[in-house]
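Remarks on the structure that follows.
None of these values were measured; they are calculated from a predicted model.
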Amino acid sequence: MRLTHFGHSCVLAEIDGATVLFDPGNFSHGFEGITGLDAILITHQHPDHADPARLPALAEANPGAALYADPQTAGQLGGRWTAVHAGDTFAIGDVQVTGVGGRHAVIHPEIPVIDNTGYLLGDPAAPARLLHPGDSLFVPEQPIDVLAIPAVAPWMKISETVDYLRAVAPRVAVPIHQGIINDPATGIYYGRLREMGPAGTEFLVLPAESGTEVS
């Protein structure tokens, strides 16, 4: 598996011959101009995960890409976008994708909770090689190999992040969703996750816009 982080929650995953881009949002940079994608997966409608200004051009530049999103976002975008509910399973080439979760984390009781579909990528024998949960703390039943873990969020405090990492206990944890803070502050969050994560979990910070083999 090869992962490239374009900032915040935007991750390019190259796995088993398939090239999949998650959540190209307005806090992410460097994904513009990518072509040859097999799929674009959107977890939810917030602009930091689905940039309304750049997403249409990205989809147009990748006419062969399958376009998937949570039900609300798919309905808003229309066209080629297909809704993915929790429990849905489909294939992108040789990669099996399973929709999980279904709801965004609660930001505040007075703010309506929206759809949020997380995605498990793998194959029938190992269906959970990669989990991108979007804006949720969804804990799957399956053991997770690589977890893209939201590190900083308006809907989450650091103790919840640590507890989530411990609950999932992946082999590798890759921090995402850091675009809401200045770079010097990431050390506060990353340091706690690295120090307090479960034994046996590697905490791996991906370099910006540079592909990294995760094995």
Side-chain angles (χ1 to χ4, degrees), residues 1-85 88 90-102 104 114-121 130-136 146 148 150-154 174-183 206-212 214:
M1 185 188 311
R2 183 178 177 86
L3 300 178
T4 306
H5 191 197
F6 291 103
H8 205 55
S9 287
C10 186
V11 178
L12 179 69
E14 299 169 81
I15 175 173
D16 291 346
T19 305
V20 180
L21 186 69
F22 295 95
D23 284 4
N26 61 7
F27 291 168
S28 302
H29 302 281
F31 64 82
E32 309 88 343
I34 292 178
T35 58
L37 291 172
D38 294 302
I40 301 172
L41 305 183
I42 303 295
T43 60
H44 65 284
Q45 64 189 261
H46 288 157
D48 58 321
H49 295 258
D51 184 355
R54 291 179 292 171
L55 185 56
L58 179 67
E60 184 176 350
N62 288 274
L67 307 179
Y68 295 99
D70 65 282
Q72 288 178 337
T73 304
Q76 293 169 1
L77 295 173
R80 296 194 289 128
W81 290 90
T82 298
V84 182
H85 299 79
D88 289 350
F90 55 94
I92 300 171
D94 292 332
V95 176
Q96 175 179 289
V97 183
T98 304
V100 296
H104 192 286
I114 61 172
D115 289 347
N116 181 100
T117 301
Y119 299 98
L120 284 174
L121 271 62
L130 173 65
L131 169 60
H132 191 307
D135 279 9
S136 76
V146 180
V152 190
V174 174
I176 60 171
H177 209 278
Q178 86 302 347
I180 64 170
I181 59 172
N182 291 330
D183 286 343
L206 299 176
E209 301 179 31
S210 179
T212 301
V214 181

Evaluate the side-chain contact (heavy atoms from CB on, under 4.5 Å) criterion for residues Ile114 and Asp135: first the C-alpha distance (whole Å), next the side-chain angles of each, then the deciding distance (0.1 Å), finally the verdict. CA-CA 10 Å; Ile114 61 172; Asp135 279 9; over 6 Å; no
Pair Leu3-Leu130, side-chain contact (heavy atoms from CB on, under 4.5 Å): steps then yes or no: CA-CA 10 Å; Leu3 300 178; Leu130 173 65; 4.3 Å; yes
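Listed for the Asp94 side chain is no donor-acceptor partner under 3.5 Å among the backbone atoms of Gly17.
A side-chain donor from one of His49 and Asp23 sits under 3.5 Å from a side-chain acceptor of the other.
Inter-residue side-chain proximity for His8 and Ile180 is flagged as met; some heavy-atom pair is nearer than 4.5 Å. Proximity of Val100 to Leu131: side-chain heavy atoms (C-beta onward) are separated by under 4.5 Å at one or more points. Taking 4.5 Å as the limit, some side-chain heavy atom of Ser9 sits within range of a side-chain heavy atom of His132. In this structure, Phe90 and Thr82 have side chains that are not in contact, with every pair of non-hydrogen atoms separated by 4.5 Å or more.
Listed by first then second residue, pairs satisfying side chain to side chain donor-acceptor pair (under 3.5 Å) with a partner in residues 25-41 read Glu32-Arg54, not counting sequence neighbours. Sequence neighbours left out, the pairs with a member in residues 65-74 that pass side chain to side chain donor-acceptor pair (under 3.5 Å) are Gln45-Gln72, Asp70-Thr73.
Nearest heavy-atom pair across Thr117 and Gly99 is CG2-CA, 3.9 Å.
Between Phe22 and Tyr119, the ring planes lie tilted relative to each other; the angle falls in the 30° to 60° range.
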